[in-house]
Amino acid sequence: MEIGWLQLAASAALIGVAVLLSLWKRLEVEKSLLVASVRAAIQLLAVGAVFAVIFESASALLWGILWVIGMTVVSAEIVNRRTPGIPSVRLPAYVSLGGALLVSLGIIFGLGIFELEPVILVVLAGITLGNTLPSAVLAVNTASQAFTDSPGRIEAALALGLDADQVNRLVSPRAVRTALIPQIERTKVVGLIALPGAMTGMLLAGADALSAVMVQVVIMYLILGSVSIVVVAVVTAIGVRAFTRDVRLADWVVAGSGTGN
């Protein structure tokens, strides 16, 4: 199938409509829409060019592994950069993202669900990280907001004798639930509304329908588990960093709440 400029322009029609709506309603999201669209196209074209070069080399598998490591590093750094003013969550981000991805790929290739090939390795890692990263970023935002929005309630709980762990048990669950909502809802509608990419690709390639479904279920479970682990790790890390060693609210919580001096 040949894709030309006409098809590409037609596919961007809805983006154009969204930009016009933003300008009309003065929503101020048109720049973000255009930047995201252009950036995605450039990145995908670059990835396609790199695919064509490195996966035809004798060291294709090594390049694939390095690519996966690079994606993990970028993902962890993105999560860490979403915490300005908060002590670094780099280590929890790396450990949770890297650990979840390693387990997922170990199951997929170790149990022979897919053959260990460079393209498959990179694609599956991208699917896992691509689904996990948005939830991790949402976890950062909801967890930090949960603390900065209610410093008075937290200080009252501390005054009543609760320690940092007990306060975290009150504050953190809501942040975790909020961050997991998109992935949980996406999982609920699989098959009813959404037809996932892995299953669809296998069906288009002529695979047996039941086999394609079983593979998709495995990937879906691994993604949901990975997302949950990373979200819990990030929220827990922020909860720990919300208190000083002498169990007072950290400076970033007080400053973010607008009650700092």
Side-chain angles (χ1 to χ4, degrees), residues 29 31-57 59-109 114 116-144 175-176 179-180 182-183 186 196-198 201 219-220 222-238 241:
V29 296
K31 181 178 179 181
S32 297
L33 288 169
L34 291 172
V35 169
S37 303
V38 173
R39 178 175 172 177
I42 293 173
Q43 290 173 174
L44 286 173
L45 289 171
V47 167
V50 174
F51 268 168
V53 173
I54 70 173
F55 291 145
E56 294 178 1
S57 69
S59 304
L61 183 57
L62 175 60
W63 282 111
I65 294 172
L66 292 175
W67 193 320
V68 171
I69 293 173
M71 288 193 296
T72 306
V73 169
V74 171
S75 299
E77 290 299 323
I78 288 174
V79 173
N80 186 61
R81 285 203 302 269
R82 294 298 187 272
T83 58
I86 304 175
S88 173
V89 296
R90 180 176 283 111
L91 180 59
Y94 271 97
V95 171
S96 59
L97 281 167
L101 181 61
L102 186 62
V103 171
S104 297
L105 295 178
I107 291 173
I108 289 171
F109 295 117
F114 283 105
L116 180 55
E117 297 179 3
V119 174
I120 297 176
L121 172 65
V122 172
V123 168
L124 290 176
I127 290 173
T128 303
L129 291 173
N131 281 274
T132 304
L133 183 57
S135 294
V137 172
L138 182 57
V140 168
N141 293 334
T142 54
S144 57
V176 171
L180 287 178
Q183 189 61 47
R186 193 177 299 124
I219 294 175
M220 179 183 66
L222 291 173
I223 290 173
L224 182 59
S226 298
V227 170
S228 302
I229 289 169
V230 173
V231 165
V232 171
V234 170
V235 172
T236 300
I238 291 177
R241 287 155 176 76

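What you see below is based on every heavy atom in this structure, not just the backbone, and it leaves out hydrogens, waters and symmetry mates. Positions are given from 1 along the sequence. What you see is a predicted model; the values in this text were computed from it and never measured.
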| query | Can you tell me how far CD1 of I108 sits from CG of L222, rounded to the nearest 0.5 angstrom? | reply | 5.0 Å
| message | Distance check, rounded to the nearest 0.5 Å: L124 atom CG versus I219 atom CD1? | response | 5.5 Å
| message | For a quick test of reading the model, state the closest non-hydrogen atom pair linking V230 to A136 and the distance between them. | response | CG1-CB, 3.7 Å
| Do you know which of L129, I127, L133 makes side chain to side chain contact (heavy atoms under 4.5 Å, CB included) with N131? | I127
Can you give each donor-acceptor pair under 3.5 Å made by side-chain atoms of residues 87-100, sequence neighbours left out, with the distance rounded to 0.1 Å?
unit_1: S88; atom_1: OG; unit_2: N80; atom_2: OD1; d: 3.1
unit_1: S88; atom_1: OG; unit_2: R90; atom_2: N; d: 3.0
unit_1: R90; atom_1: NE; unit_2: E77; atom_2: OE1; d: 3.4
unit_1: R90; atom_1: NE; unit_2: E77; atom_2: OE2; d: 2.8
unit_1: R90; atom_1: NH2; unit_2: E77; atom_2: OE1; d: 3.2
unit_1: Y94; atom_1: OH; unit_2: E77; atom_2: OE2; d: 2.9
unit_1: S96; atom_1: OG; unit_2: P92; atom_2: O; d: 2.7
unit_1: S96; atom_1: OG; unit_2: A93; atom_2: O; d: 3.4

| said: Looking at every heavy atom in both N141 and R82, which two are closest together, and how far apart are they? | reply: OD1-O, 4.4 Å
| Judged by modelled atom types alone, do S226 and T132 share a side-chain donor-acceptor pair under 3.5 Å? | no
Listing, residues 63-70 side-chain donor-acceptor contacts under 3.5 Å, not counting sequence neighbours, or none:
none

| task | Please examine the side chains of L121 and F114, heavy atoms only from C-beta on, and report whether any two atoms are closer than 4.5 Å. | result | no
| task | Kindly indicate whether the side chain of T83, heavy atoms from C-beta on, has any atom under 4.5 Å from the side chain of S144. | result | no
Enumerate, atom names and distances included, each donor-acceptor pair closer than 3.5 Å involving a side-chain atom of residues 31-49, sequence neighbours excluded.
unit_1: S37; atom_1: OG; unit_2: L33; atom_2: O; d: 2.7
unit_1: R39; atom_1: NE; unit_2: Q43; atom_2: OE1; d: 2.8

| message | I need the minimum non-hydrogen distance between A139 and V235, along with the two atoms involved. | response | CB-CG2, 3.9 Å
| Close side-chain approach of L116 to I120, heavy-atom, < 4.5 Å | no
| said: Quick check: closest heavy atoms across L138 and A179, and the distance to 0.1 Å? | reply: CD2-CA, 3.6 Å
| Are M71 and L101 side-chain neighbours, meaning at least one heavy-atom pair lies under 4.5 Å? | no
